[in-house]
Amino acid sequence: MDYRKQFMVTPGEKLSLARIDPSQSGPHASAEAALPEVQKNVARMDELQALLYADGGQSLLVVLQALDAAGKDGVVRHLFSGMNPQGTRVFGFKQPSADEAAHDFLWRAHQRTPAKGEVVVFNRSHYEDVLVVRVHDLVPKAVWSKRYALINDFEKMLAQNGTRILKFFLHISPDEQLARFKQRLDDPARNWKISESDYSERELWSDYVTAYEEALSRTSSKEAPWYVIPANHKWFRNLAISQIIVDTMEAMGLKTPPTRVNLQEIAAKYHAAEAAQEKRTGTAKAANKRGAKA
């Protein structure tokens with residue numbers, strides 16, 4: 001199934017989140033049924049990341065956005081933990097530091113974009129500056145309303161420099177969010193995740209939906225598409241995202257780079273080194289044998 005076509009926010013069209021069922025689960029009936037496919041995708045992601053690193057000419061930026069408890073951390077843990085840390089980085093965007101706030105709103109995001117050969121995951125992102133900032137009226141509308149165009153230009157520039165961009169909005173229902181808040185209360189191992197802001201932000205649900213609908217509608221592009229992922233079922237969330245990443249990376253034409261040395265010369269050096277090592281090993285064994293007899 002092509003989840004890219006199914007869940008992509010069509011560039012230029014106005015998005016209505018109310019029309020998308022967050023409880024969709026595709027062709028699979030359960031987590032157990034979907035698990036083999038998720039595992040296959042995660043293994044393939046690891047292979048493709050190794051090719052991306054070896055190729056060294058492109059990069060991948062994955063953006064995760066969602067309301068509280070939708071599963072951004074879960075996506076990182078379940079889908080990216082198998083990738084080689086040497087070529088994978090994850091950044092969580094929280095309230096800007098004093099230094100970050102002293103610069104333009106894209107400054108801190110640009111510093112963390114992937115180098116060629118890297119996969120970078122943004123857990124929250126530069127989109128906070130047209131979401132939280134808007135909902136909480138932290139800057140005037142005259143300021144945040146101009147940021148959509150700046151974000152589009154920023155992402156277009158990254159794409160032109162060889163960065164493939166995938167942006168995922170994890171779509172959950174208010175009921176599912178409340179159920180996950182209860183899990184945090186009931187499970188001591190999850191208590192640390194509890195925050196008073198969980199409930200104050202929940203009161204602003206409709207404002208966030210409005211902000212997300214406009215942000216996704218105005219910044220989904222051919223170079224940097226948005227995907228609205230039904231996320232009430234964690235296992236389906238993982239399946240859809242992993243499949244979209246695999247399909248996208250396979251379309252990047254990644255290849256093992258050509259050998260930069262003369263293989264015949266290197267093979268000759270290897271065989272010479274092998275023969276010398278065998279000679280040293282044989283000499284050492286003979287010496288040990290003589291010593292044992294003595």
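Please read these numbers as outputs of a predicted model, since none were measured by experiment.
- At least one side-chain heavy atom of Trp226 sits less than 4.5 Å from a side-chain heavy atom of Thr219.
- Gln58 places no side-chain N or O within donor-acceptor distance of the main-chain N or O of Arg164, the cut-off being under 3.5 Å.
- Salt bridge Asp68/Arg124: present, at least one basic N to carboxylate O contact under 4.0 Å.
- In the hydrophobic clustering of this structure, Val120 does not group with Met252; members are Ile, Leu, Val, Met, Phe, Trp, Tyr whose side-chain heavy atoms approach within less than 4.5 Å, directly or through other members.
- Grouping the Ile, Leu, Val, Met, Phe, Trp and Tyr side chains by contacts below 4.5 angstrom, directly or via other members, places Met8 with Ile241.
- Here the closest heavy-atom approach between residue Val119 and residue Gln49 is recorded as CG2-CG, 3.8 Å.
- Considering only heavy atoms from C-beta on, Arg184 stays 4.5 Å or farther from Asn191 through its side chain.
- In this structure, Val42 and Val38 have side chains that are in contact, with non-hydrogen atoms separated by less than 4.5 Å.
- Residues Leu51 and Thr256 have side chains in contact (heavy-atom distance under 4.5 Å, counting atoms from C-beta outward).
- Leu60 is not listed as a side-chain neighbour of Thr163, based on a closest heavy-atom distance of 4.5 Å or more.
- Residues meeting the ring pair (Phe, Tyr, Trp, His ring centres under 6.0 Å) test with Tyr208, sequence neighbours left out: none.
- A salt bridge does not link Glu265 with Lys269: every distance from a Lys NZ or Arg NE/NH1/NH2 to an Asp or Glu carboxylate oxygen is 4.0 Å or more.
- We find that Lys14 and Glu213 are not joined by a salt bridge, their nearest charged nitrogen and carboxylate oxygen being 4.0 Å or further apart.
- A cation-pi geometry, defined here as NZ or CZ lying under 6.0 Å from the six-membered ring centre and within 45° of its normal, holds between Arg147 and Phe105.
- A salt bridge links Glu47 with Arg44: the closest approach of a Lys/Arg side-chain nitrogen to an acidic carboxylate oxygen falls below 4.0 angstrom.
- In the model, Glu37 has a side-chain atom that pairs as donor or acceptor with a side-chain atom of His28 under 3.5 Å.
- A salt bridge between Asp198 and Lys193 is absent, with no side-chain N of the basic residue lying under 4.0 Å from a carboxylate O of the acidic one.
- Judged as a side chain to side chain donor-acceptor pair (under 3.5 Å), and not counting sequence neighbours, the contacts of Glu155 are His126, Tyr127, Lys167.
- The two residues Ile165 and Pro225 have their closest heavy-atom pair at O-CD, 3.4 Å.
- The 12-atom threshold is exceeded at CD of Gln111, counting heavy atoms of other residues, nucleotides or ligands nearer than 6.0 Å.
- For the 3.5 Å distance criterion, the side chains of Glu201 and His136 qualify, holding a donor opposite an acceptor.
- Side-chain contact between Met45 and Val246 is present, with at least one heavy-atom pair separated by less than 4.5 Å.
- Side-chain atoms of Thr88 and Glu118 form no donor-acceptor pair, as typed in the model, at a separation below 3.5 Å.
- Both cation-pi conditions hold for Arg112 and Phe91: the charged atom is under 6.0 angstrom from the six-membered ring centre and inside a 45 degree cone around its axis.
- Using a cut-off of 4.0 Å between Lys/Arg side-chain N and Asp/Glu carboxylate O, Arg77 and Asp73 are scored as not salt-bridged.
- Other residues, nucleotides and ligands contribute at most 12 non-hydrogen atoms within 6.0 Å of the OH atom of Tyr270.
- With a 4.5 Å cut-off on side-chain heavy atoms, Arg180 and Ile172 count as touching.
- Tyr53 meets the ring pair (Phe, Tyr, Trp, His ring centres under 6.0 Å) test with no other residue; sequence neighbours excluded.
- Side chain to side chain, Asp46 and Asn84 fail the donor-acceptor criterion of an N or O pair below 3.5 Å.
- Using a 3.5 Å distance cut-off with no hydrogens or angles, the side chains of Glu223 and Gln160 do not pair a donor with an acceptor.
- Going from atom NE2 of His233 over to atom CG of Asn238 covers 13.0 Å, rounded to the nearest 0.5 Å.
- Atom CG of Leu15 sits about 14.0 Å away from atom CZ of Arg218, to the nearest 0.5 Å.
- A side-chain donor-acceptor contact under 3.5 Å links Gln243 and Asn41.
- Smallest separation of non-hydrogen atoms from Ala109 and Phe122: O-CZ, 3.6 Å.
- Between the side chain of Ser59 and the backbone N or O of Gly117, no donor-acceptor pair lies under 3.5 Å.
- For the pair Val75 and Phe168, the minimum side-chain heavy-atom distance is 4.5 Å or more.
- Ring centroids of Tyr227 and Phe169 are separated by 6.0 Å or more, keeping the two rings apart.
- When all heavy atoms are compared, the tightest approach of Ser242 to Leu239 is OG-O, 3.0 Å.
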